[in-house]
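If you read the sequence from its start, that first residue is 1, and numbering goes on from there.
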Amino acid sequence: MALINVKVEKVIEEAEGVKAFLLAKSGFFNLPHYTAGSHIDVHCGKGIIRQYSLCGRPDDRKHYMIAVKREDTSRGGSAQMHDEITVGQALEIGSPRNNFPLDEAAQHVTLLAGGIGITPIIAMADRLHTLGIPFELHYFSRSDQHAAFQGRMQSGGYASSVKFHFGLDVPQTTECLRLIFKQRPTEGQTYICGPGPFMDSAEKIAGQNWPTDSIHLERFSANPALAEGTTKPFTLELAQSGLTFEIGANETILNVLEENDFEAPFSCEQGVCGTCVTDVIAGAPEHRDSFLNEKDRASGKRMCICVSRAAGRKITLDL
């Protein structure tokens with residue numbers, strides 16, 4: 001996939017531990033159009049590639065905006081962005097991809113953001129406001145100082161639709177979520193993004209009164225519970241090339257393909273971005289990703305090869 005060259009036009013201290021980066025396209029050509037919920041791959045340097053949600057306004061074709069929270073357990077990406085990316089620096093990015101699309105035909109939308117999960121959610125709020133679709137946005141953050149884009153939400157023409165929830169403990173957050181999801185508006189849809197425990201709780205509570213297909217989530221990191229359990233070796237067959245490989249108990253499909261100079265698309269290597277999703281021709285996958293929805297999992301026709309495995313002795317993929 002061709003990369004796009006951009007320069008960092010602004011670096012903004014958006015909240016405590018959060019920096020926003022305005023990326024500019026030089027020359028006469030516009031940046032590719034994107035829709036609310038989209039993200040891009042950012043090549044941060046030192047071989048590090050990370051996915052960040054686009055949180056600017058899609059009608060600005062000369063700029064993309066991303067926001068990055070500095071993570072205490074950073075694998076290198078957030079630390080690199082915070083410590084070494086400065087104004088004027090050139091970066092390479094991928095074209096926008098949307099694994100978290102907004103239903104623009106919805107009659108009512110409930111948006112939930114926890115912490116840095118506001119990044120795709122604020123783009124949805126802007127779009128819903130433009131379309132005139134009724135919505136409410138609930139933003140949960142540890143404090144006022146840790147909440148990004150407050151000024152934008154309070155002055156963006158939809159301030160009355162935004163509710164901030166600061167400093168709630170777990171029982172208080174749970175009770176708040178119960179009130180939010182107590183009754184579903186007619187044909188209502190909900191979009192949720194934030195830390196894993198927050199999303200797990202929100203999904204569980206929403207599922208008590210809302211149908212599964214009305215609940216949409218985007219995770220920034222894999223659910224650790226999905227990686228638990230014993231792993232067993234299996235045989236991988238590639239339908240297009242006819243090649244076969246043995247995947248060891250401590251190896252992934254992606255690792256083995258790379259070691260054998262077989263190119264396959266990938267990005268996050270955690271099972272959250274969807275870049276490596278591959279069609280299954282035969283055999284049953286053992287899903288260990290946080291990307292596919294329940295319908296995809298039940299069909300057994302697609303899998304994330306960076307983390308998922310074969311449930312049986314052999315699996316055949318469309319590669």
Validation row, ring centre F135 to ring centre Y158 under 6.0 Å: yes
Pair R61-H33, side-chain donor/acceptor within less than 3.5 Å: no
Side-chain H-bond candidate by donor/acceptor type, R97 with T275, under 3.5 Å: yes
CA sep, side-chain torsions, deciding dist, call: L319, L257, side chain to side chain contact (heavy atoms under 4.5 Å, CB included): CA-CA 10 Å; L319 289 172; L257 292 179; 4.0 Å; yes
Side chain to side chain contact (heavy atoms under 4.5 Å, CB included) assessment of S53 paired with F100: CA-CA 10 Å; S53 296; F100 192 43; over 6 Å; no
Basic-acidic side-chain contact under 4.0 Å: K314, E237: yes
Spatial distance of atom SG (C176) from atom NE2 (H165) [nearest 0.5 Å]: 4.0 Å
V277 with V280, same ILVMFWY side-chain cluster at under 4.5 Å: no
L177 vs H138 side-chain heavy atoms within contact, under 4.5 Å: no
Intermediate values then yes/no, side chain to side chain contact (heavy atoms under 4.5 Å, CB included), D200 and R219: CA-CA 10 Å; D200 292 341; R219 295 183 182 274; 2.7 Å; yes
More than 12 heavy atoms from other groups under 6.0 Å of NZ on K163: no
Joint cluster assignment, V162 & L128, ILVMFWY side-chain distance < 4.5 Å: yes
L31 and V6, any side-chain heavy atoms less than 4.5 Å apart: yes
Closest non-hydrogen atom pair between S78 and K69, with its separation: CB-O, 3.2 Å
Plane angle bin for F181 and W210 - parallel if under 30°, tilted between 30 and 60°, otherwise perpendicular: perpendicular
Exam field: side chain R309 to backbone P233, donor-acceptor pair closer than 3.5 Å: no
SB check R313 E246 (cutoff 4.0 Å): yes
Any R302 side-chain heavy atom under 4.5 Å of L292 side chain: yes
Heavy-atom side-chain contact between P101 and T35 under 4.5 Å: no
Main-chain N/O of D169 paired to Q172 side chain as donor or acceptor, under 3.5 Å: yes
Parallel, tilted or perpendicular: ring planes of F140 versus F198, cut at 30 and 60 degrees: tilted
Value rounded to 0.5 Å, distance of CG in N99 from SG in C273: 7.0 Å
Taking every non-hydrogen atom, the tightest pair across G77 and I48: CA-CG2, 3.8 Å
Q183 versus N209, side-chain donor and acceptor atoms under 3.5 Å: no
Any donor-acceptor N/O pair, Q150 side chain to D144 backbone, under 3.5 Å: yes
Over all atoms of both residues, closest heavy-atom pair of K25 and N5: CD-O, 3.7 Å
hydrophobic_cluster_shared for F149 and Y52, side chain cutoff 4.5 Å: no
Hydrophobic cluster identity match, F245 and I281, side-chain contacts under 4.5 Å: no
Side-chain donor/acceptor of Q80 to backbone N/O of C44, under 3.5 Å: yes
S38 side chain to L54 backbone, donor-acceptor under 3.5 Å: no
Check: H82 main-chain N/O paired with K19 side-chain donor or acceptor under 3.5 Å: yes
Check ion pair D318-K301 (N to O, under 4.0 angstrom): no
Short side-chain to backbone donor-acceptor contact, S308 and R288, under 3.5 Å: yes
Heavy-atom side-chain proximity of I4 to P32 below 4.5 angstrom: yes
Close side-chain approach of T252 and E269, heavy atoms under 4.5 Å: no
Non-hydrogen atoms of H43 and L3 that approach each other most closely: NE2-CD2, 3.4 Å
Side chains of F21 and L91 in contact at under 4.5 Å (non-hydrogen atoms): no
Donor-acceptor pair, side chain of Y64 and main chain of C55, under 3.5 angstrom: no
Residues, nucleotides or ligands: over 12 heavy atoms within 6.0 Å of N260 CG: yes
Least distance between heavy atoms, A36 atom then R127 atom: CB-CB, 4.2 Å
Atom pair CZ/CD of R184 and Q208 - distance to nearest 0.5 Å: 15.5 Å
Salt-bridge present (R70, D83; N to O < 4.0 Å): yes
Worked verdict on H129 versus D126 for side chain to side chain contact (heavy atoms under 4.5 Å, CB included): CA-CA 5 Å; H129 178 63; D126 289 338; 5.9 Å; no
Interatomic spacing from CD1 in I40 to CG in N98 - rounded to 0.5 Å: 13.0 Å
Side-chain heavy atoms of T86 within contact of V11, under 4.5 Å: no
Transitive ILVMFWY side-chain link M153 to I12, under 4.5 Å: yes
Closest non-hydrogen atom pair, F164 against Q154: CE1-NE2, 3.7 Å
Value rounded to 0.5 Å, distance of CG in D103 from OG1 in T190: 12.5 Å
Distance, nearest 0.5 Å, that separates CD of E9 from NZ of K62: 11.5 Å
